[in-house]
Amino acid sequence: MEPILVTGGTGTLGRLVVQRLIGAGHAVRVLSRRPHAEDAPHSWATGNLEDGTGIADAVSDVDTIVHCATTLGAKDVAATRNLVEAARRAGNPHLVYISIVGIDRLPFFYYRAKLDSERIIEESGLPWTILRTTQFHELLVKIFAIQRWLPVTLTLSGTDFQPVDAGEVADRLAELAVAEPAGRVPDMGGPEIRGARELARAHSRAAGRRRPVLPVRVPGAFFAAYRAGHHTTPEHADGKITFDEFLATHVAAKGV
């Protein structure tokens, strides 16, 4: 059985994708910058996507690559280009890429890099599938939690979010990885669109804290696009796990 290569396989999403694929009986190879112990239910490949070191070995003899690794800005583009070039030299593997809803409408350097990465994949000549999703529950929790030492929780005024469960995204990616290449598939969003202020209050309650929430109106085209909802996908509210349900299982017990 040819292994499925997962880049970023130790990250929030990647490790869940690895679990789903292994649970379905597939052989998995995880790309990592550092060597790991061999007592894992999958194999390891050591390499660096940013400079291309070790990538040729990582992509050898694989029929599918799930590209979950992400960095910031130009490094993301270079990593994707190095992966695509190595994959083309190795054969014709199916490349599955996770992206973000609205990156073609949100003027932000990280989103521009994701869009450039999409284009590299689309023009690669490889069979490909791209899934865009909304923000994960974990991201919002992290944004709120890092403010726990402040007297208030700051949020974006006039802005809604549609957080989605990373586990459900992993389920979808695992399905796409073993299916035929499908190009750009429908976006995937969480089950609810809720105001940032309401989400911040829900997090405070789950963490056992009582504190005011202060909405802040931030100027600029990027935040205007957020207020316009370009990062949401109301017509694809496919997720099932709500933010409150995520908080109950991941935050309430820890108080963070």
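Sequential numbering from 1 along the given sequence is applied to the chain's residues.
The minimum heavy-atom distance between A113 and V77, with the atom names listed, is O-CG2, 3.6 Å. Residue R197 comes nearest to P215 through the heavy atom pair CD-CG, 3.7 Å, listed as atom of the first residue, atom of the second, then distance. Taking both residues in full, the closest heavy atoms of N82 and I55 are given as O-CG2, 4.3 Å, listed atom of the first, atom of the second, then distance. Here the shortest heavy-atom pairing between P234 and I193 reads CG-CD1, 3.7 Å. The two residues A87 and L126 make their nearest non-hydrogen contact at CB-CD1, 3.8 Å. Residues C68 and L173 come closest through the heavy atom pair SG-CD1, 4.2 Å.
Rounding to the nearest 0.5 Å gives a distance of 11.0 Å between CZ of F222 and CZ of R227. Summarising the geometry, atom CG belonging to N48 is positioned 5.5 Å from atom OG1 belonging to T53; distances are rounded to the nearest 0.5 Å. In this structure, Y97 OH and S117 OG are separated by 4.0 Å, a value rounded to the nearest 0.5 Å. Here OG of S99 is found 7.5 Å from CZ of R184. Values are rounded to the nearest 0.5 Å. Here the CD-CZ distance, from E85 to R81, works out to 7.0 Å after rounding to the nearest 0.5 Å. For the atom pair CG of N92 and OG of S124, the computed distance is 8.5 Å after rounding to the nearest 0.5 Å.
In this structure, L13 and I98 have side chains that are in contact, with non-hydrogen atoms separated by less than 4.5 Å. At a threshold of 4.5 Å between non-hydrogen side-chain atoms, the residues H67 and T80 count as touching. Using a 4.5 Å heavy-atom cutoff, the side chains of E245 and K240 are not in contact. Using a 4.5 Å heavy-atom cutoff, the side chains of R88 and P93 are not in contact. Between L95 and L83 the shortest side-chain heavy-atom distance falls below 4.5 Å. Side-chain contact check for R20 versus V18: every heavy-atom pair is 4.5 Å or farther apart. Residues F136 and P163 fail the side-chain proximity criterion, which asks for heavy atoms closer than 4.5 Å. In this structure, the side chains of V164 and H137 stay at 4.5 Å or more apart for every pair of heavy atoms.
For D76, the side-chain hydrogen bond (donor to acceptor under 3.5 Å, both in side chains) test picks out T70, with sequence neighbours left out. Partners of E50 under the side-chain hydrogen bond (donor to acceptor under 3.5 Å, both in side chains) rule, at least two apart in sequence or in another chain, are R33. Partners of L139 according to the side chain to side chain contact (heavy atoms under 4.5 Å, CB included) rule, which considers only residues two or more places apart in sequence or in another chain, are Q135, I143. Looking at residues two or more places apart in sequence or on another chain, you find a salt bridge (Lys or Arg N to Asp or Glu O under 4.0 Å) between R194 and E192, E198, D244. By the side-chain hydrogen bond (donor to acceptor under 3.5 Å, both in side chains) test, T153 pairs with R211, sequence neighbours left out. With sequence neighbours excluded, the residues that form a side chain to side chain contact (heavy atoms under 4.5 Å, CB included) with L154 are Q147, V152, L214, V216. Contacts of D57 classified as salt bridge (Lys or Arg N to Asp or Glu O under 4.0 Å), with partners at least two apart in sequence or in another chain: none. Take D51 and apply the salt bridge (Lys or Arg N to Asp or Glu O under 4.0 Å) test, not counting sequence neighbours, and it matches no residue. Scanning for salt bridge (Lys or Arg N to Asp or Glu O under 4.0 Å) contacts around R105 gives an empty result, with sequence neighbours left out.
The backbone N or O of A145 lies less than 3.5 Å from a partner atom in the side chain of R148, making a donor-acceptor pair. Distance alone, capped at 3.5 Å, places no donor-acceptor pair between the D238 side chain and the M188 backbone. At distances below 3.5 Å, not a single donor-acceptor pair connects side-chain atoms of T232 with backbone N or O atoms of H230. Checked by atom type and distance alone, the side chain of T7 pairs as donor or acceptor with a backbone atom of A69 at under 3.5 Å.
Hydrophobic cluster membership is shared by L176 and V30, with clusters built from Ile, Leu, Val, Met, Phe, Trp and Tyr side chains linked at under 4.5 angstrom. At a threshold of 4.5 Å between side-chain heavy atoms, the hydrophobic network of Ile, Leu, Val, Met, Phe, Trp and Tyr places I4 and I121 in two separate groups. I120 and V185 fall into different hydrophobic clusters, defined by Ile, Leu, Val, Met, Phe, Trp and Tyr side-chain heavy atoms under 4.5 Å apart, directly or through other members. A continuous path of hydrophobic side-chain contacts links F109 to I100 [ILVMFWY only; heavy atoms under 4.5 Å]. The hydrophobic clustering, which links ILVMFWY residues whose side-chain heavy atoms are closer than 4.5 Å, places L5 and V66 apart.
Atom CD of E180 has 12 or fewer neighbouring heavy atoms from other residues, nucleotides or ligands inside a 6.0 Å radius.
Other cluster members for L150: none, since no ILVMFWY side-chain heavy atom sits under 4.5 Å from it.
Ring pair F243/F246 is parallel by interplanar angle, where below 30° counts as parallel and above 60° as perpendicular.
Within the structure, every pair that satisfies the ring pair (Phe, Tyr, Trp, His ring centres under 6.0 Å) test and touches residues 154-182, not counting sequence neighbours, is listed here: F161-Y226, F161-H231.
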Donor-acceptor contacts, no H, no angles, side chain residues 127-134, under 3.5 Å, sequence neighbours left out:
unit_1: T129; atom_1: OG1; unit_2: H94; atom_2: NE2; d: 2.7
unit_1: T129; atom_1: OG1; unit_2: A182; atom_2: N; d: 3.0
unit_1: R132; atom_1: NE; unit_2: E118; atom_2: OE2; d: 2.9
unit_1: R132; atom_1: NH1; unit_2: D104; atom_2: OD1; d: 3.3
unit_1: R132; atom_1: NH2; unit_2: E118; atom_2: OE1; d: 2.9
unit_1: T134; atom_1: OG1; unit_2: Q162; atom_2: O; d: 2.6

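Between R119 and E122 there is no salt bridge, since no side-chain nitrogen of the basic residue lies less than 4.0 Å from a carboxylate oxygen of the acidic one.
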Next on the checklist: Working note: Y111 + L115, criterion side chain to side chain contact (heavy atoms under 4.5 Å, CB included); need CA distance, chi angles, decisive distance, verdict.
Outcome noted: CA-CA 6 Å; Y111 289 175; L115 188 59; over 6 Å; no
Checklist entry - Going through the distances and angles, do V17 and R15 end up as a side chain to side chain contact (heavy atoms under 4.5 Å, CB included)? => result CA-CA 5 Å; V17 173; R15 62 183 175 80; over 6 Å; no
Checklist entry - For I22 and H42, what are the C-alpha separation, side-chain angles and deciding distance, and is it a side chain to side chain contact (heavy atoms under 4.5 Å, CB included)? => result CA-CA 8 Å; I22 291 173; H42 54 75; 3.9 Å; yes
Checklist entry - Can you list the steps and then say if I241 with E168 is a side chain to side chain contact (heavy atoms under 4.5 Å, CB included)? => result CA-CA 8 Å; I241 298 175; E168 293 182 313; 3.8 Å; yes
